Amino acid sequence: MCEMFEEKMISSEFIFDGKVVHLYKDKVRLPDGNESVREYVKHIGAVAVVPITTENEVICVRQYRYAIGRMLLEIPAGKLDSKDEIPEEAARRELREETGAVSAKLTYLGKFFSSPAILDECIHIYLAEELELGDTDPDEDEFLEIVKIPIDKLADMICSGEIIDGKTQAGVLKALSIIKKRK
């Protein structure tokens with residue numbers, strides 16, 4: 001990190017401890033010596049998976065997202081069960097639970113930070129191939145519809161603004177880039 005722009009914590013106040021998120025309010029020293037306040041949320045981390053069939057279709061899930069009050073079409077995803085959980089294992093779990101798919105080939109696509117100004121959630125994204133389909137096993141508070149969409153069409157939906165979920169945008173476009181480079 002470039003120390004010239006680094007902010008140093010002076011004090012930290014724990015504001016809220018939720019099941020999923022933990023809110024803090026810190027006083028920081030800015031690079032110019034002045035002080036400011038930073039409010040941010042800590043999160044355990046998550047995974048997202050781009051499961052692609054032999055027909056080049058992405059298995060997506062449609063679900064209601066309460067925070068924005070609407071249905072979204074997304075790639076399968078979920079939070080880590082603990083800070084020590086291996087992201088690849090979580091990705092395999094979430095893929096099976098949400099879509100019923102088991103992947104023989106999982107490729108790491110990298111990390112995604114959806115809103116780093118206020119949230120430290122790190123989403124590890126994977127490409128899942130060589131799928132074997134089975135039964136879903138969603139969490140008791142998850143209500144999902146499975147939708148298969150050709151990856152090229154899904155990329156078009158992303159570019160037209162139809163897909164607004166950031167992890168889905170990043171994951172699908174990264175996966176498509178890898179797939180096209182293989183040809």
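Here the structure is a predicted model, which means the values were calculated and not measured.
Checking side-chain atoms of R29 against main-chain N and O of G33 turns up a donor-acceptor pair under 3.5 Å. Looking only at distances, no side-chain donor or acceptor of S115 sits under 3.5 Å from a matching main-chain atom of A117. In this structure, R92 contributes its side chain and S103 its backbone to a donor-acceptor pair below 3.5 Å. One N or O on the side chain of D32 and one on the backbone of N34 form a donor-acceptor pair closer than 3.5 Å. Q169 places a side-chain N or O within 3.5 Å of a backbone atom of I163 that can act as its donor or acceptor partner. Under a 3.5 Å cut-off, the side chain of E85 and the backbone N or O of D81 do form a donor-acceptor pair. Between the side chain of T53 and the backbone N or O of E57, at least one donor-acceptor pair lies under 3.5 Å. Under a 3.5 Å cut-off, the side chain of T136 and the backbone N or O of P138 do not form any donor-acceptor pair.
The only member of I164, L176, V172, D165 that meets side chain to side chain contact (heavy atoms under 4.5 Å, CB included) when paired with I158 is V172. Put simply, the residue from E142, E145, E98 that forms a salt bridge (Lys or Arg N to Asp or Glu O under 4.0 Å) with R62 is E145.
Annotation: side chain of E121 is not in contact with side chain of F113 (no heavy-atom distance under 4.5 Å). The closest side-chain heavy-atom distance from E74 to C60 is not below 4.5 Å. P51 places a side-chain heavy atom less than 4.5 Å from the side chain of V58. Side-chain contact check for I118 versus E39: every heavy-atom pair is 4.5 Å or farther apart.
I59 and I125 fall into different hydrophobic clusters, where Ile, Leu, Val, Met, Phe, Trp and Tyr are joined by side-chain heavy atoms under 4.5 Å apart, directly or via other members. When the side chains of ILVMFWY residues are joined at heavy-atom separations under 4.5 Å, either directly or via intervening members, I146 and L95 end up in a single hydrophobic cluster. When hydrophobic clusters are built by joining Ile, Leu, Val, Met, Phe, Trp and Tyr residues whose side-chain heavy atoms come closer than 4.5 Å, directly or via intermediates, I52 is grouped together with L173. With hydrophobic clusters built from ILVMFWY side chains whose heavy atoms lie under 4.5 angstrom apart, L109 does not share a cluster with Y126. Cluster annotation: I15 and M9 are assigned to distinct hydrophobic clusters (Ile/Leu/Val/Met/Phe/Trp/Tyr, side-chain heavy-atom contacts under 4.5 Å, transitive).
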Working for side-chain contact (heavy atoms from CB on, under 4.5 Å), residues H43 and D120: CA-CA 6 Å; H43 185 281; D120 76 344; 3.9 Å; yes
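F14 and Y24 have tilted rings, their planes meeting at an angle from 30° to 60° on a 0 to 90° scale.
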